[in-house]
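Chain identifiers are assigned alphabetically (A, B, ...) following the order of the sequence lines, protein sequences preceding nucleic acid strands; residue numbering begins at 1 within each chain. Side chains are part of it too, since the values below use all heavy atoms of this structure and drop only hydrogens, waters and symmetry mates.
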Amino acid sequence: MRLSNYFLPVLKEAPREAEIVSHQLMLRAGMIRQQSAGIYSWLPLGLKVLRKVEQIVREEQNRAGAVEVLMPTIQSADLWRESGRYDDYGKEMLRITDRHERDMLFGPTNEEMITDIFRSYVRSYKDLPLNLYHIQWKFRDEVRPRFGVMRGREFLMKDAYSFDLDEAASRAAYKRMFVSYLRTFDRLGVKAIPMRADTGPIGGDLSHEFLILADTGESEVFCHGDFMRFPVPGAGVDYGDDAKISAIMDEWTSAYARTDEMHDEALWDDVPAADQMNARGIEVGHIFHFGTKYSTPMGAKVTGPDGKDHDVFMGSYGIGPSRVVAALIEAGHDDAGIIWPASVAPFDVGLINLRSGDEATDTACGDLYSKLTAAGFDVLYDDTDNRAGGKFALADLIGLPWQLIVGPRGLANGEVELKERATGERLTLTLDAALNRLAEWQAETAARFGG
RNA sequence: CGGGGCAUGGCGCAGCCUGGUAGCGCACCUGGUUUGGGACCAGGGGGUCGCAAGUUCGAAUCUUGCUGCCCCGACCA
């Protein structure tokens, strides 16, 4: 993409209303625009990151055996009356009346609807286990939306729902999602820690939150240092092997990890002082096992091997991709701007032409742009006639992993500069050497973050 | 929902106390000189000062009401 053809409305100064760094940087980098309290438009750069996050989440859900569907944002109130939540949910639910005076709502979550889909089609235990998910916008009319997309009223959520014949099978489904979350956050390039959680209004008896560690996180985290050492299951993990999956979850739940809300000083004292890790985190995922809470009132049952009907056991599993985008910034930034993990960076390389209009420089940049694009790099080519300083500042702000800096001075020696955003390291290389270095990185990144 | 704050060109702000018809920086447009870490000169465009009512000869400025947004607390991906 040539910057001159792109839409990247950056701001030199952060709007006053933005308090936290991710919100400031998302506004400054032209990723989002606020349309109303807690409601945002996603501009091209932001959307690109959001889609990448979404795609990684999708791939790991699919790998774990979940099947994608897409349910509507608007739901009928009748469905929610069946579960009893229409009255329970309170003012967080945005209620809408259509032209026929029917009670509708903008879905804050989809347990009822997915249960309705399930009961409409599934009759036999032989069709289980089943896990259906979708990635769809939700709306929760928060009393106090804040911190940009970190806590918006409208937000993108991946929500998966598992259906099983009995408690044991349902718990196995829960563990598969648990493991898939470990992989998902690892591929997103962040350290996420699963913590025992309150089940809250969704109900149930087994629940974990996944928190991305970031110094500016909202929640205080107490966890054992072992979490930094537990191995993340690889792409080859066998989700069909219940024992193996169970063992992974056992390991990842073997050490103490709680947020301040669930913190237990007595248990904490049992953790050796050297292993006590006190950090901050951002909740980006939450999984629940809630048994027959919805299947019973809504009549979602299957015929078992015994020839009798059984209410199905369910769980739900959420990740908020829109919040993840903000959390990644909280976890990766410096004074100059964002530092994206390679797997979700909006572009791989920022190609900086230091002297647009200079024939030799333009030619060299055009050539590099073609070669990189052909080699599978997503390149943002700054071909504008801005000054060097402005281009550097922009590149740092939007946080692409690499900056390939091309100017007449270096070209005279057949050289360009390659700057790595994360480390700030700058290398002066020949054109070919620079391309080779990027190719190495591409291979490393594919190995590290690939599906 | 309780408490606090803010609202003046696209963004950041001053002006308000002590009413006299709106200003600064950045951004934008034109021309020129420039060009390796946010250039300089000259010229230019853009705001019924959130909305409504009131006080006054006169309101960005004073009064009242409303709306929007932000922050702190209780709740959430």
What pairs of residues pass the ring pair (Phe, Tyr, Trp, His ring centres under 6.0 Å) test when at least one of them lies in [range], not counting sequence neighbours?
range	value
residues 58-89 of chain A	A:W80-A:Y89
residues 404-426 of chain A	none
residues 315-357 of chain A	A:Y6-A:F347

Near-strand residues of residues 147-155 of chain A, defined as heavy-atom separation under 4.0 angstrom from RNA chain B: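 Those residues whose heavy atoms fall under 4.0 Å from RNA chain B, taken from residues 147-155 of chain A in numerical order, are A:F147, A:M150, A:R151, A:G152, A:F155.
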
Among residues 323-344 of chain A, which residues get a heavy atom nearer than 4.0 Å to RNA chain B?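 Within this stretch, A:R323 sit under 4.0 Å of the strand.
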
Does the side chain of A:Q34 get closer than 4.0 angstrom to OP1 or OP2 of B:G68 through an N or O atom?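 Answer no for this pair, as no side-chain N or O of A:Q34 is under 4.0 Å from OP1 or OP2.
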
Is the shortest side-chain N/O distance from A:S36 to OP1 or OP2 of B:G68 below 4.0 Å?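 A:S36 to B:G68 OP1/OP2: no side-chain N or O under 4.0 Å.
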
Please tabulate, one pair per line, each protein N/O and nucleotide N/O from nucleotides 23-29 of chain B that are separated by under 3.5 Å, including the distance.
from	atom 1	to	atom 2	distance (Å)
B:G25	N2	A:E13	OE1	3.1

For A:A235, check side-chain contact (heavy atoms from CB on, under 4.5 Å) against everything at least two apart and list the hits.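 Residues passing side-chain contact (heavy atoms from CB on, under 4.5 Å) with A:A235: A:R63, A:R183.
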
Can you list the residues that meet the side-chain contact (heavy atoms from CB on, under 4.5 Å) rule with A:N386, with sequence neighbours excluded?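 Only A:T384, A:K391 meet the side-chain contact (heavy atoms from CB on, under 4.5 Å) criterion with A:N386.
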
Counting side-chain heavy atoms from C-beta on, which of [options] comes nearest to [X]?
X	options	value
A:R387	B:C69, B:U34, B:A77	B:U34
A:A388	B:A77, B:C11, B:G36	B:G36
A:E142	B:G38, B:C75, B:U35	B:C75

Which atom pairs, one a donor and one an acceptor, fall under 3.5 Å between side chains of residues 405-415 of chain A and the rest of the protein, sequence neighbours left out?
none

For A:E142, which residues count as a salt bridge (Lys or Arg N to Asp or Glu O under 4.0 Å) partner, sequence neighbours excluded?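 So A:E142 forms no salt bridge (Lys or Arg N to Asp or Glu O under 4.0 Å) with any residue.
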
Write out a two-atom table: protein N or O, nucleotide N or O from nucleotides 1-10 of chain B, distance below 3.5 Å.
from	atom 1	to	atom 2	distance (Å)
B:C1	OP1	A:K91	NZ	3.0
B:C6	O2'	A:R16	NH1	3.2
B:C6	O2'	A:R16	NH2	3.4

Throw together a table of side-chain donor-acceptor distances under 3.5 angstrom for residues 256-263 of chain A, partners on residues two or more places apart or in other chains.
from	atom 1	to	atom 2	distance (Å)
A:Y256	OH	A:H263	ND1	2.8
A:Y256	OH	A:D264	N	2.8
A:R258	NH1	A:M262	O	3.0
A:H263	NE2	A:E265	OE2	3.4

